Structure formats: C-alpha cells, structure tokens
Undergrad: 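Handing you this structure, nothing more for now.
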Amino acid sequence: LRVGMIKQSSAGIYSWLPLGFKVMKKIEQIVREEQNRIGVQEILMPTIQSSEIWKESGRYEDYGEEMLRIKDRQNREMLYGPTNEELITDIFRTSIKSYKSLPQLLYHIQWKFRDELRPRFGIMRCREFFMKDAYSFDLLDEDAKFSYNKFFLSYLRTFKRLQLSAIPMAADTGPIGGDLSHEFIILADTGESEVFCDSRLLDLEIPSEGIDYNENLQSMVDNWTCYYAATDEKHEPHKCTVPDEMLIKARGIEVGHIFYFGTKYSQKMNAFVQDSEGNKVAIEMGSYGIGVSRLVGAIIESSHDEKGIIWPESIAPWSIGLINLNVGDPESDEICEKIYSGCSKYSVDMLYDDRNERAGTKFADMDLIGLPWQIIVGPRGLKTGVVELKRRVDGESKEMLVGDIPEWIKGRSFCDKEY
Ligand code: ATP
Ligand code: MG
C-alpha cells in the first residue's frame, strides 16, 4: 500500500496499480514459461461458470458459502469460479474420446473468486485472486503419477526462478479431494500456517538445467519426499523421527498446491475414454495451482529489510532505478537522458527519478520500492562522467564511468532474454 502497488476497492478485492501490476505480470510470465517447458498447453476458461456442472460433481452444495453465486436475467444459476476442475472435465469429455489422445495437460491463468470468511493480509488472502491452475488427464494410475511428478519438479524450478525456496509438504486435499497432495510452502514469520520440516530440505539442489523427463522422475521426487515435511493439519508428532536439532518449526505461506485425485470427477461427470481394447475407462486426473497474485506478497515477505522491498532481479518491476540529484542542471539532465536512452536500447527496464525532490527523499523512495540496482548521478562526478552504482540488497556501492554502463548491463541476467 505504501509503495502504491495495490488499492483495496472493497473487502478482499483489489485494483492493481502500475508497479504492482508490472510485478504480477513478470511472475505470471515465469510461471507460464515453466508450464510451457514441461509441455502443458495454455488455454483460457471464463470466470463465470454455470451451476449445472457443479451439480454433476456434487460440489455445488459442498463448496458452501465460499462460492459466489449469481443469477442471470433468465434466472439461471451461475457462479464466479473458485477453481476449474468441473469446467475442464466438461471440456475434456466433449473433446477427447480415445486413449490415443492422451496424456492431456492444460493450464490457464485466470482470476478466481472465493468468498473467504476473513479476507486478510491484503492480497495474501483476498477474495478475488489471480491463479495458475493446470489439469492433467491420463489413462492409467502410473501415467497420472508421472504427470504429478512432472508438475512437482517443475514447481521447484518455477519457485527457484522467483528466488524463493519453496518446500513441498504433505498436505490435506480439502474440497478438491483425492489422496496424493503436496503444498509448496515458503518460510516466513507472517505465514498463516505452522509447518514442521527437516532442515536438510533447505540444502537440496534444484536442477537448473531443466529436468530430463526420460529419467526416473519418481526417484527425483523421492529425493525431496524422503525428508519429513508437513503443515500443522498433517503433522503427526509420533511419526516425525527428525532429531530436534534438525527439525524446523516455523510459519509458512502456501504458494502452490498439487493434487492427484484419480477418477473423483471423471466418474461423476462421465469423462470416459476408450482404451486399446475398446473398454470404457474413467480418466485419471490431477490439478495443480500456483497463487500468482499471492506470490507478489509472498516474495516481499521473504525479501525485505527495514528500508523496504528487495526485489529479486527476475521479477523486479524495473531492474535499475536512475536517480538524478540535480534535476534542472543541463549537464546532469543530459547524462541521465543518455543513460536512460542507452538502457532502452538493451530493453532493460529502468525507472528514472527526475522529480524535483530532496536527495534524502529520493534515496528513501528508491530503497522502499526495492529495485535491485540504483544508478545515482550526483554533482561530484559530473565533470568526470562518473556515477555511483548501488546494489539494493546489501547497499554496496561503487563508482562507474557512464561509458561503461552498457558493458555492465550486458553482463547482467536481466539483460539475458534467453534465460
Ligand atoms: P488456503 O489453504 O491458503 O486457503 P487453498 O488450499 O484453499 O488455499 P488451493 O485451492 O490449493 O488453495 O489454491 C491454489 C493456490 O491459490 C494456493 O496455493 C494459494 O497460493 C492461492 N490461493 C488460494 N486461496 C487464495 C486467496 N484467498 N487469496 C490469494 N491466493 C489464494
Ligand atoms: Mg491449497
């Protein structure tokens, strides 16, 4: 709120202002790239759904007060989707009839509405939120587990690119249902749930080269799931054998959640395919969510200091903040213009602070909004063409010649379009 990223419009419903929107879009793009990388295809389903399919699955009653129910002018019962298992199952059953078209992996990134009893912590628990939800359809149980494992590993990589260390934890399945489920949790003092996990999980290496899907995915997943990790709902002290000095008891924020629920929806909604022998088989399904809008808050929770936000380079609204300390001075303005136009040549996002404010205000504001790098053009270096380059995360600064800025930019990851 202080930075002007969001504005509440009514309880648990927010407008996204320029800075907040820019960050959310960058997160969305990373989430999208990592879904595409494992071969999930993007679609877009509507926010408003008909109640009919929810009556088929039996969740129209079960979902209760969290579902926002609407009547259209024909008096038809509609709803604002809290999730999309029913809608995607309906799409699947009318399009796919044979095992030959399997597997199918589909996702969309769309607004959801859940009429939370107590919306709180701003966008962390709100009523309208932006979510990536993916769905898998497989013929056999073992194929479905393969899909599940694919998402499991891809989530590790996604959160790593967001510079978060998200720990997969055994989880309850809630209203989605099913028996296999993991929540991806980041540790933060302000987290809503209490979590218990083996500290060795924090040291595990996430493959940055991508995942080789010909390898045994189950054994890669086992590298993680062999260590104890559970949220308070699932924590069973008598089953937890982690020695005290290795057990982390902390608070956590759920940023992703994956489910394998088998034929729970396909049975009720008649989503069958023919197998190679011509038998009708109920399709095995899983669903996989990431809270894209919640991540904006979760990343701030895990990366800030007393001065404000410290954005990871991968999702910073702008990579560099340019501070002109002598606005109106022709020489200073000229140097800043030169740096600014030079940066746009490399399509680097730069925010130029050309406001007529005191230096202290400019420094404080730039630290508050937390761009990873600051280039400060002050009176001292004007004659010699020297500027100050400051790194937000540790405040370390050094002098740099204006002419050297392009070289420096080219070596930075935010300039590397081929991540
Ligand atoms: P929670 O336990 O936090 O209520 P959930 O288990 O009901 O969440 P899922 O159905 O697993 O949520 O949704 C997938 C993801 O969507 C969650 O991991 C979370 O990141 C995000 N999410 C869920 N509810 C909200 C909300 N009210 N506001 C913001 N993000 C949310
Ligand atoms: Mg969940």
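For ligands, and for the atoms within them, numbers begin at 1 and follow the listed sequence. As the structure is a prediction and not an experimental result, all values here were calculated from the model.
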Undergrad: Among the N, O or S atoms of H257, which one sits nearest to the Mg ion (ligand 2)?
TA: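 This turns out to be ND1.
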Undergrad: Would E183 count as a polar contact of ligand 1, with the cut-off being nitrogen or oxygen pairs under 3.5 Å?
TA: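 No, E183 has no N/O under 3.5 Å of an N/O on ligand 1.
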Undergrad: Going by atom types only, do N149 and Q218 share a side-chain donor-acceptor pair under 3.5 Å?
TA: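 Present: a donor and an acceptor within the cut-off.
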Undergrad: Pull out every atom of ligand 1 sitting under 4.0 Å from any heavy atom of I123, numbered as shown with elements.
TA: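 Near I123, the atoms of ligand 1 are 29 (C).
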Undergrad: Any cation-pi pair here, R69 with Y63, using under 6.0 Å and within 45°?
TA: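 Not flagged: R69 not positioned over aromatic ring of Y63.
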Undergrad: Between the side chains of Q35 and R32, does any donor sit under 3.5 Å from an acceptor?
TA: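 No, no side-chain donor-acceptor pair sits under 3.5 Å.
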Undergrad: Does an N or O from C126, backbone or side chain, lie closer than 3.5 Å to an N or O of ligand 1?
TA: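 Looking only at distances, the answer is yes, because the N/O contact criterion of under 3.5 Å is met.
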Undergrad: Taking the ring centre of each residue, are Y260 and Y288 less than 6.0 Å apart?
TA: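 Distance test on ring centres: not under 6.0 Å, no.
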Undergrad: Counting only heavy atoms, tell me which of E254, E192, R125 gets closest to atom 17 (C) of ligand 1.
TA: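 When every heavy atom of E254, E192, R125 is considered, E254 comes closest to atom 17 (C) of ligand 1.
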Undergrad: If you measure only the distance, is there a donor-acceptor pair under 3.5 Å linking the side chains of Q374 and D367?
TA: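 Per modelled atom types, Q374 and D367 side chains form a pair under 3.5 Å.
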Undergrad: Parallel under 30°, tilted from 30 to 60°, perpendicular over 60°: which one fits the rings of Y148 and F152?
TA: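 Aromatic pair Y148/F152 classed tilted.
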Undergrad: Measuring from atom 10 (O) of ligand 1, which candidate in R114, R294, H257, M131 has the nearest non-hydrogen atom?
TA: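 Answer by nearest heavy atom: R114.
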Undergrad: With a 4.0 Å cut-off on heavy atoms, is M124 touching ligand 1?
TA: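 Judged by the 4.0 Å heavy-atom criterion, M124 does count as contacting ligand 1.
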Undergrad: Give the name of the N/O/S atom in E254 that lies closest to the Mg ion (ligand 2).
TA: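 Nearest to the Mg ion (ligand 2) within E254's N, O and S set: OE2.
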Undergrad: Are any of the N/O atoms on E116, whether in the backbone or the side chain, positioned under 3.5 angstrom from an N/O atom of ligand 1?
TA: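 Yes; at least one N/O pair falls below 3.5 Å.
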Undergrad: Please verify whether a non-hydrogen atom of S293 lies at under 4.0 Å from ligand 1.
TA: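 S293 does not count as a contact of ligand 1 under the 4.0 Å cut-off.
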Undergrad: Which is it for L295 and ligand 1 at heavy atoms under 4.0 Å: side chain, backbone, both or neither?
TA: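 Within the 4.0 Å criterion, L295 makes no contact with ligand 1.
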Undergrad: Kindly state whether the ring of Y228 and the ring of H235 have centres lying under 6.0 angstrom apart.
TA: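 Judged by ring-centre distance (under 6.0 Å), Y228 and H235 do meet the cut-off.
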Undergrad: Using distance alone, with no hydrogens and no angle criterion, decide if Y265 and D90 have a side-chain donor and acceptor under 3.5 Å apart.
TA: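 No.
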Undergrad: Out of curiosity, is V255 lining ligand 1, as in a heavy atom under 4.0 Å away?
TA: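 V255: in contact with ligand 1 (<4.0 Å).
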